[in-house]
2 protein chains.
Amino acid sequence: MTRTEENYIKTIFHLGGNQSQLISTNAIAEQMQTKPSSVTDMAKKLTEKNLLNYIRYQGVSLTDLGIKTALSIIRKHRLWEVFLVKKLDFTWDEVHEVAEQLEHIKSEKLIDKIDELLDFPKYDPHGDPIPSKNGDFQERDKQLLSELKTGNQGICVGVKDTSATFLKFLDKNNIALGNSIQVIEKEDFDMSMRVKVEGRNLQLSNQVSTNLYVKVLESN
Amino acid sequence: MTRTEENYIKTIFHLGGNQSQLISTNAIAEQMQTKPSSVTDMAKKLTEKNLLNYIRYQGVSLTDLGIKTALSIIRKHRLWEVFLVKKLDFTWDEVHEVAEQLEHIKSEKLIDKIDELLDFPKYDPHGDPIPSKNGDFQERDKQLLSELKTGNQGICVGVKDTSATFLKFLDKNNIALGNSIQVIEKEDFDMSMRVKVEGRNLQLSNQVSTNLYVKVLESN
DNA sequence: ACAAATTTTTAGATTTGTCTAAATTTTAAT
DNA sequence: ATTAAAATTTAGACAAATCTAAAAATTTGT
Ligand SMILES: [Mn+2]
Ligand SMILES: [Mn+2]
Ligand SMILES: [Mn+2]
Ligand SMILES: [Mn+2]
């Protein structure tokens, strides 16, 4: 598999192509910063290789082999992200770009050894689950902060927006994964909320609360 | 720079293109498992990019920029090899293939952090020197074992042949870099020699002694 | 139901790196 | 100094991945 092919497979997976749901060439083209006509060409090629199901004018979905392939690439990506943060002191906003390259290194032994070195982590620095060697993984029980009711308490467990700007914003406000968070008050006017993060009071906009995942603690 | 361009530059360096000596397109083609006509095309392109000096029908040499580029790639290659051996328990015959891929990862921060994690190693697992961040490196004072006189004593410091078969042969005979070695007797007939490695007696063929580098200990 | 808007595909061209076969230049041999 | 052999370059073609512009199919609005 070429690097380009791998990137197509990964993108289709992230767009939901595993749920046997059809993904449009337009959606793929937008995500990959390319043109729909290029996607059509690649769709045919990957169908030929039994990685995609492709119905003309309808879209594509991943075959079982395609899903397996996607999970393998995602596993590598997320393990490398953990490695960069835990072993090389990268910050969580720096790792994605480098992991985009490292995920294409072809060596089963390499990634298994990295996994072992990291003591088989379950989640990457952004809270996303890491597929195991055989491809299974459990999505964490989580909700967007914006969905919590006043008074609810939880733990920050992930981010939806993984852009460097958002991650740096969280850093600046001392919000990190693992932190406790409680909703003090919700403002109807702009959907902002006042919260307590590890005891500190903060006012968070709707744009923040709709991009931060929380695991709610059952309060009684 | 593309991965292919980087591989050309690296190959030309290894063929001696730094000594302002001209390297033939044939030699490059053989080394890279490609055709001389392909090399000619690439030579023109890399000359355009100011990485090579190219004289038609004569050959190519590296410019200063080309040498700088080559050293940067070699630095990455060798650091990754050390990483694989020291941190992930790869054997020295397994690392080259993976390092061929890892050397093309583009991130200055990544390789500098790997360097730091390894505590700034001076040599790779095969005894080859690792260029520093600014490109300078000292070739070690070494000789081929075959050049030693009877009675001479030394330390194994490197290999000329880095093929997996040779490296595994050395493993099987418990010869490792850092081991002491003394020439007991040289056989005129087939140029083989009897040696003592860390106290053990071994008979080594000429093919072995012409591929093992030794640092001679001044014996008085 | 049918025209208009949108989406998707096809056709043909481009870039990168490669190849084969033919032409050119250099080197070696007499 | 010619000629033969070897090395090197040129010309033309090809596969991969991409693009633009035009054609075809689908979806939407009334
Ligand atoms: Mn990422
Ligand atoms: Mn991530
Ligand atoms: Mn190597
Ligand atoms: Mn090496």
So which protein nitrogen or oxygen atoms get under 3.5 Å of nucleotides 21-29 of chain D's nitrogens or oxygens?
from   : atom 1 : to      : atom 2 : distance (Å)
D:dA25 : O4'    : A:Tyr57 : OH     : 3.4

Atom pairs, N/O to N/O, protein against nucleotides 13-16 of chain D, distance under 3.5 Å?
none

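Between A:Phe83 and A:Trp80, the ring planes are perpendicular. Angles over 60° get that label, and only those under 30° would be called parallel.
Here the C1' atom of nucleotide C:dT7 and the NZ atom of A:Lys35 are 15 Å apart, to the nearest Å. Rounding to whole angstrom units, CE of residue B:Met32 and P of C:dC19 are separated by 10 Å. Distance A:Met42 CE to C:dT9 C1': 16 Å, rounded to the nearest Å. In this structure, B:Ile28 places its CD1 atom 13 Å from P of C:dT18, rounding to the nearest Å. One atom, CG of A:Leu46, and another, P of D:dT18, lie 11 Å apart when rounded to the nearest Å. A straight line from CD1 of A:Ile23 to C1' of C:dT7 spans 15 Å, rounded to a whole angstrom. The interatomic distance linking A:Leu22 (CG) with C:dT8 (P) rounds to 11 Å, in whole Å.
At a threshold of 4.0 angstrom between heavy atoms, the contacts of A:Ser38 include nucleobase atoms, whether or not backbone atoms are also involved.
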Run the ring pair (Phe, Tyr, Trp, His ring centres under 6.0 Å) check on A:His126 and A:His96 step by step: do they pass? CA-CA 10 Å; A:His126 313 103; A:His96 182 76; 7.3 Å; no
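Stacking of B:Lys44 on the aromatic ring of B:Tyr54 is not recorded, the 6.0 Å distance cut-off and the 45° axial limit not both being met. Under the 6.0 Å distance and 45° angle rule, B:Lys109 counts as a cation-pi partner of A:Phe90. Figure legend: A:Arg140 and A:Tyr123 shown as a cation-pi pair, the cationic atom lying under 6.0 angstrom from the six-membered ring centre and within 45 degrees of its axis.
For A:Glu108 and A:Lys133, the salt-bridge test passes: some basic side-chain N is under 4.0 Å from an acidic carboxylate O. A salt bridge is absent between B:Glu103 and B:Arg75: the closest approach of a Lys/Arg side-chain nitrogen to an acidic carboxylate oxygen does not fall below 4.0 angstrom. Looking at A:Lys106 and A:Glu6, a side-chain N of the basic residue comes within less than 4.0 Å of a carboxylate O on the acidic one, giving a salt bridge. For A:Glu100 and A:Lys10, the salt-bridge test passes: some basic side-chain N is under 4.0 Å from an acidic carboxylate O.
Shortest non-hydrogen contact noted between A:Leu52 and A:Ile9 is CD2-CD1, 4.2 Å. The nearest pair of heavy atoms linking A:Leu212 to A:Gly158 is CD1-O, 3.5 Å.
In this structure, the nucleotide among D:dT8, C:dT10, D:dT20 sitting nearest to the side chain of B:Thr25 is D:dT8. Minimum atom distance to the side chain of B:Asn26 is reached by D:dT8, of the listed D:dT8, C:dT10, C:dT8. Residue A:Lys44 places its side chain closer to C:dT10 than to any other of C:dT18, C:dT10, D:dT9.
Within residues 8-15 of chain B, the residues that have a heavy atom under 4.0 Å from DNA chain C are, in order of number, B:Tyr8.
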